[in-house]
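Take a look at the structure below.
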Amino acid sequence: MPGIKEKREHRLSCGTLHNFRNFKSATLTEDHRMAVSDQEVTNVNTAAAIVYRHKLSTRIWHWLNAVVILIMLMSVFNAHPRLYWGQYGANFDHAWLQIGSAGGDGFLRIGDLSIRTTGFLGAWQGPDDETVFTAFPGWLTIPSTYDLALSRRWHLTFAWLFMAALVVYWIWSLANRHIGQDLLPEKRELSARHILDDIKNHTLLRFPRGEEAKRYNTLQKFAYLGVVFVLIPLMILTGLTMSPAMDAAWPWLLHVFWGRQSARSIHFICAMLIVLFFFVHILMVVLVGAINEIRSMITGWYHLPPKERD
């Protein structure tokens with residue numbers, strides 16, 4: 001933290017590096033640890049250097065969210081398996097999305113499209129090989145049996161923790177300049193050519209190496225900003241809109257989100273987008289190097305992939 005000096009080691013690969021034989025050490029604050037010598041990294045074209053990449057606020061929030069979001073998703077899977085638009089919605093109203101069963105088969109229906117999902121959604125094999133007709137299998141829900149009241153308690157308990165953690169993260173990240181330094185794109189990164197190049201490199205699995213890997217790339221910044229400042233706040237506001245008590249205190253929520261059932265649908269869509277982000281995030285971690293990425297999110301220190309020689 002600012003004001004507390006910590007010792008850091010800048011290790012360089014001795015096998016390929018002839019000009020650097022000794023380890024570098026310096027006393028730096030957390031802000032200063034983010035600024036590793038550009039000259040050293042530039043000179044080390046093929047050697048692996050270590051940089052301080054993830055601040056403490058980011059690491060704590062990352063792992064807290066991993067647990068909280070998982071529990072919230074598993075608890076919401078136990079909810080009413082139909083989604084509606086507007087103010088009202090019940091079993092006999094038209095649902096734009098439904099998970100159910102008919103004739104012993106499970107199905108997922110989105111609008112007029114119906115997909116058979118027997119074995120996973122709507123109808124699945126229970127522990128005693130009996131067919132269970134609930135939206136999601138018990139191993140994927142909290143609790144494992146259909147209990148709307150109990151699942152709501154789980155969901156709301158962790159929802160308040162989720163919201164409090166976001167507010168603390170915002171304040172902390174503003175104070176340590178994580179948002180301004182690491183998340184906000186630079187002017188050159190906003191050009192169409194730069195964005196298209198970034199998309200092309202990701203499509204071809206050409207990931208940043210050497211000095212370019214010190215910071216988040218453009219697509220990362222867009223994704224993180226979208227999740228932190230759009231999806232999660234939208235999830236929280238739509239979640240509050242589903243509360244009768246909050247509707248009484250803030251009736252404008254119902255107008256903003258076109259009714260309680262519309263808010264519930266938007267809430268679900270945001271949750272599914274976060275699930276999509278999660279899977280893409282895990283895929284990128286595996287492709288770039290799982291051990292290095294996970295270690296850096298635990299300790300903050302990241303091994304820069306050596307830059308390939310031309």
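The chain is numbered in sequence order, starting from 1.
- Using a 30° and 60° split on the angle between ring planes, His178 and Tyr216 fall in the perpendicular class, above 60°.
- Between the side chain of Arg264 and the backbone N or O of Met242, no donor-acceptor pair lies under 3.5 Å.
- In terms of modelled atom types and a separation under 3.5 Å, the side chain of Ser191 and the main chain of His194 share a donor-acceptor contact.
- At least one side-chain heavy atom of Pro185 sits less than 4.5 Å from a side-chain heavy atom of Leu225.
- Partner Ser265 forms a side-chain hydrogen bond (donor to acceptor under 3.5 Å, both in side chains) with one of Trp96, Trp258, Tyr84 and no other, that one being Trp96.
- For Ile291, the CD1 atom is loosely surrounded, since the number of other residues' heavy atoms within 6.0 Å does not exceed 12.
- Trp63 places a side-chain N or O within donor-acceptor distance of the main-chain N or O of Met297, the cut-off being under 3.5 Å.
- Using a distance-only test at 3.5 Å, with no hydrogens or angles considered, a donor-acceptor pair links the side chain of Thr238 to the main chain of Met235.
- No side-chain donor-acceptor contact under 3.5 Å links Thr131 to the backbone of Gln125.
- Between the side chain of Gln87 and the backbone N or O of Arg260 there is at least one donor-acceptor pair closer than 3.5 Å.
- In this structure, Thr117 contributes its side chain and Phe107 its backbone to a donor-acceptor pair below 3.5 Å.
- In terms of modelled atom types and a separation under 3.5 Å, the side chain of Arg109 and the main chain of Ser114 share no donor-acceptor contact.
- Looking at Lys55, its side chain does come within 3.5 Å of a backbone N or O of Asn176 through a donor-acceptor pair.
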The test is side chain to side chain contact (heavy atoms under 4.5 Å, CB included); show your working for Thr241 and Asp247 and say whether it passes. CA-CA 6 Å; Thr241 306; Asp247 291 342; 4.1 Å; yes

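- With a 6.0 Å radius and a threshold of 12 heavy atoms from other residues, nucleotides or ligands, Arg193 has its CZ atom at or below the threshold.
- Identified under the side chain to side chain donor-acceptor pair (under 3.5 Å) test for residues 134-163, with sequence neighbours left out: Ser75-His155, Trp124-Thr134.
- Of the possible polar contacts, none joining the Arg82 side chain to the Gln98 backbone as a donor-acceptor pair under 3.5 Å is found.
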Determine, step by step, whether Leu97 and Leu108 satisfy the side chain to side chain contact (heavy atoms under 4.5 Å, CB included) criterion, reporting the C-alpha distance in whole Å, the side-chain angles of both residues, the deciding distance to 0.1 Å, and the verdict. CA-CA 7 Å; Leu97 184 146; Leu108 167 65; 4.3 Å; yes

